[in-house]
Amino acid sequence: LRKGETLQQAIQRIEEADLDTKDRLLKRLRAGRNALQAAESDIAEHSDDSEVQDVLDEVRDAIDALLSVREDSDSSDEPQQ
């Protein structure tokens with residue numbers, strides 16, 4: 001909390017402190033997936049809101065960045081010719 005984090009962020013940092021990187025990654029990805037699935041029930045009501053659209057764009061950018069890292073990792077694993 002001293003770092004300006006919310007209580008939820010601080011609790012998450014404590015819970016994740018003992019996890020290895022794969023477990024931590026899976027926990028974060030699943031939490032994000034669950035939050036997005038829960039938001040689906042409200043999106044129709046607010047789909048025209050500019051702030052909602054901005055956040056959706058940020059989410060898309062974050063997903064694109066993750067996929068790009070995955071693709072870069074996959075291509076670096078390929079044998080060089």
Arg24: which residues meet the salt bridge (charged side-chain N to carboxylate O under 4.0 Å, His left out) condition with it, sequence neighbours left out? none

Students should find that the hydrophobic cluster of Leu26, defined by side-chain heavy atoms under 4.5 Å apart, otherwise consists of none

Is any side-chain heavy atom of Leu25 closer than 4.5 Å to one of Leu29? yes

Tell me, please, which residues at least two apart from Asp20 pass side-chain contact (heavy atoms from CB on, under 4.5 Å). Lys22, Asp23

Output a table of donor-acceptor pairs, distance under 3.5 Å, between side-chain atoms of residues 33-45 and any protein atom two or more places apart or on a different chain; print 'none' if there are none.
from, atom 1, to, atom 2, distance (Å)
Asn34, ND2, Arg30, O, 3.2
Ser41, OG, Ala38, O, 3.0

Ignoring hydrogens and angles, write down the donor-acceptor pairs under 3.5 Å from the side chains of residues 49-69, residues two or more places apart or on other chains.
from, atom 1, to, atom 2, distance (Å)
Asp49, OD1, Glu51, N, 2.8
Asp49, OD1, Val52, N, 3.0
Gln53, NE2, Ser47, O, 2.4

